[in-house]
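So that the names make sense, note that chain A is the first sequence line, chain B the second, and so on, each numbered from 1.
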Amino acid sequence: MSELATQEVSAGGVAPRGDYARVSAAIHYISDNWRAQPPLDDIAAHVGLSPFHFQRLFKRWAGISPKEFLQALTLDHAREMLKGSANLLDTALELGMSGPARLHDLFVDHEAMTPGDYKRRGAGLQMTYGFHSSPFGSALVMITRHGVAGLAFADSEDDRPGVLADMTARWPCAVYEHDPARTAPCAARIFDSRRWKPEDPLKLVLIGTDFEVRVWEALLKLPFGHAATYSDIAAHVCTPKAARAVGSAVGRNPISFVVPCHRVLRKDGGLGGYHWGVTRKQAIIGWEAGRV
DNA sequence: ATTTGGTGTTGTG
DNA sequence: CACAACACCAAAT
């Protein structure tokens, strides 16, 4: 009803030419920087507008919001990751079955807990944990003396307690000790790709049910920069019908990022979900795209 | 575009 | 033992 009024206000700056330049600059900026998933504030600042103005201007010209545009670019790239991976996955998985059970870009050596250990709900386990800054927000790292057992993400200081609770609930009988000094080197290494060395693999401990561990092991074989669908994974560990079961298992992946659950996408081309927020999944995909 | 009916695994009562 | 919940999927509206 007040459309006329708003039109008049924006007509104050009689320069659609300038508007076009700004939108165009924004599109280029987003296309160049989508890997870093820049927040609205950054993009707005780059074209010299307040976030509020910019968001409205962009939507008027492009038909979609800056955020939607960013998501579309990410999705495009995710689908590219999927392209050649169909056969690649089969061979990687088959080969990895008989050969050494390890290895992707972040060289990893893992051992799974026995089902018996799993049933004890972590009893007898000593977990040392700490929060550390990462490219994807504050990262909670949990280690046992056998290796890394947990990696989770928090958006802010405020949801750290919730994230910690989420993780400790998975092994309720374990003993937890807060000691960031001990987990810091581990965190530093995980997020610095220059420190990924085959001769000194990162040790992981996979604590889960038999089925879950099989799924997570499959994820470890997905090559950097490639992706698979939930049903691809299902076909390998069980039957293609089990895509949904795989989804749940992937969702319970306790060592996110290291076990690359962000490389699993929906068959219909969608991104699928992410336990720590789809935005984070996008960010990690972008981070990888920047290092192929 | 949305809805529906089909899936396997897991946690709960 | 049954049942509901789930980071899914394909086919039918």
Side-chain angles (χ1 to χ4, degrees), chain A residues 37 63-65 67-68 71-72 74-79 81-83 85-86 89-90 93 104 112-123 125 136-137 139-140 149-155 159 162-163 165-174 206-222 226-288:
Chain A
Q37 299 287 119
I64 58 175
S65 70
K67 183 172 195 127
E68 287 169 323
Q71 286 170 342
T74 312
L75 200 52
D76 258 17
H77 188 270
R79 282 194 272 255
M81 294 172 67
L82 214 42
K83 258 201 72 185
S85 298
L89 176 71
D90 287 346
L93 291 180
H104 66 313
M113 306 232 66
T114 70
D117 285 335
Y118 173 74
K119 281 207 204 59
R120 298 168 64 206
R121 316 195 72 194
L125 277 182
F136 318 112
L140 168 61
L151 178 39
F153 292 104
D155 287 324
D159 52 70
V163 168
D166 180 317
M167 292 304 282
T168 55
R170 299 166 189 234
W171 314 292
C173 302
L206 265 28
I207 311 172
T209 67
D210 189 57
F211 179 77
E212 287 168 342
V213 170
R214 288 214 311 278
V215 170
W216 302 337
E217 284 173 337
L219 299 192
L220 282 172
K221 305 199 179 94
L222 295 178
H226 294 262
T229 68
Y230 290 94
S231 64
D232 286 341
I233 305 288
H236 184 262
V237 304
C238 188
T239 142
K241 305 286 195 179
R244 190 158 185 174
V246 165
S248 318
V250 173
R252 279 179 230 116
N253 167 27
I255 321 181
S256 72
F257 181 77
V258 176
V259 175
C261 54
H262 53 276
R263 296 190 196 136
V264 196
L265 311 173
R266 292 182 56 116
K267 196 162 204 171
D268 60 29
L271 268 194
Y274 198 73
H275 189 79
W276 309 111
V278 190
T279 313
R280 186 124 33 209
K281 190 173 191 172
Q282 292 170 174
I284 298 177
I285 289 173
W287 184 87
E288 285 201 3

Which whole-number value in Å describes the distance from A:Asn253 CG to C:dC6 P? 18 Å
Between A:His262 and A:Phe257, what is the ring plane arrangement, given parallel below 30°, perpendicular above 60°, and tilted in between? parallel
With sequence neighbours left out, write down each residue that passes side chain to side chain donor-acceptor pair (under 3.5 Å) with A:Thr239, or none if nothing qualifies. none
Under the side-chain contact (heavy atoms from CB on, under 4.5 Å) criterion, do A:Thr74 and A:Gln37 qualify, and how do the steps go? CA-CA 9 Å; A:Thr74 312; A:Gln37 299 287 119; 3.1 Å; yes
Can you list the stems that DNA chain C is part of, where a stem is at least 3 pairs in a row, each Watson-Crick or G-U, with both distances below 3.5 Å? B:1-6 with C:8-13, B:8-13 with C:1-6
By side chain to side chain donor-acceptor pair (under 3.5 Å), A:Thr209 pairs with (sequence neighbours left out) A:Glu212
Could you list the residues that satisfy side chain to side chain contact (heavy atoms under 4.5 Å, CB included) with A:Asp159, not counting sequence neighbours? A:Ala154, A:Asp155, A:Ser156, A:Val163
What is the distance from CZ of A:Arg252 to C1' of C:dA7, rounded to the nearest Å? 10 Å
Taking only residues two or more places apart in sequence, or in another chain, which ones meet A:Arg120 in a salt bridge (charged side-chain N to carboxylate O under 4.0 Å, His left out)? A:Asp117
If I compare all heavy atoms of A:Asn253 with all of A:Cys261, which pair ends up nearest, and what's the gap? ND2-SG, 3.3 Å
With sequence neighbours left out, the residues meeting salt bridge (charged side-chain N to carboxylate O under 4.0 Å, His left out) with A:Arg214 are A:Asp210
Scan nucleotides 10-13 of chain C against the protein and return all N/O pairs shorter than 3.5 Å with their distances rounded to 0.1 Å.
from, atom 1, to, atom 2, distance (Å)
C:dA10, OP1, A:Lys267, NZ, 3.4

Are A:Pro260 and A:Leu220 close enough that some pair of their side-chain heavy atoms sits under 4.5 Å apart? yes
Which residues in residues 272-284 of chain A have a heavy atom closer than 4.0 Å to any atom of DNA chain C? A:Gly273, A:Tyr274, A:His275
Would you say the side chain of A:Pro254 lies within less than 4.5 Å of the side chain of A:Arg170, judging by non-hydrogen atoms? yes
Leading and trailing nucleotides of DNA chain B with any atom under 4.0 Å from heavy atoms of chain A: B:dG6 to B:dG11
Remember a base hit wins even if backbone is also touched, and classify A:Phe211 as base, sugar-phosphate or nothing at under 4.0 Å, heavy atoms. sugar-phosphate
Let's go through A:Trp276 and A:Asp166 carefully: what are the C-alpha distance in whole Å and the side-chain angles of both, what is the deciding distance for side-chain contact (heavy atoms from CB on, under 4.5 Å) to 0.1 Å, and is it a yes or a no? CA-CA 11 Å; A:Trp276 309 111; A:Asp166 180 317; 3.8 Å; yes
If the condition is side chain to side chain contact (heavy atoms under 4.5 Å, CB included), which residues does A:His77 pass it with, not counting sequence neighbours? A:Trp34, A:Met81, A:Ile285, A:Ala289
Using a 4.0 Å cut-off on heavy atoms, which residues in residues 242-250 of chain A reach DNA chain B? List them by number, or say none. A:Ala242, A:Arg244, A:Ala245, A:Ser248
Would you please name every residue forming a side chain to side chain contact (heavy atoms under 4.5 Å, CB included) with A:Ser231, sequence neighbours left out? A:Thr229, A:Ala243, A:Lys267
Please assess A:Val213 against A:Val215 for the test side-chain contact (heavy atoms from CB on, under 4.5 Å), listing each intermediate value before the final yes or no. CA-CA 5 Å; A:Val213 170; A:Val215 170; over 6 Å; no
Side-chain heavy atoms of A:Leu206 within contact of A:Ile255, under 4.5 Å: yes
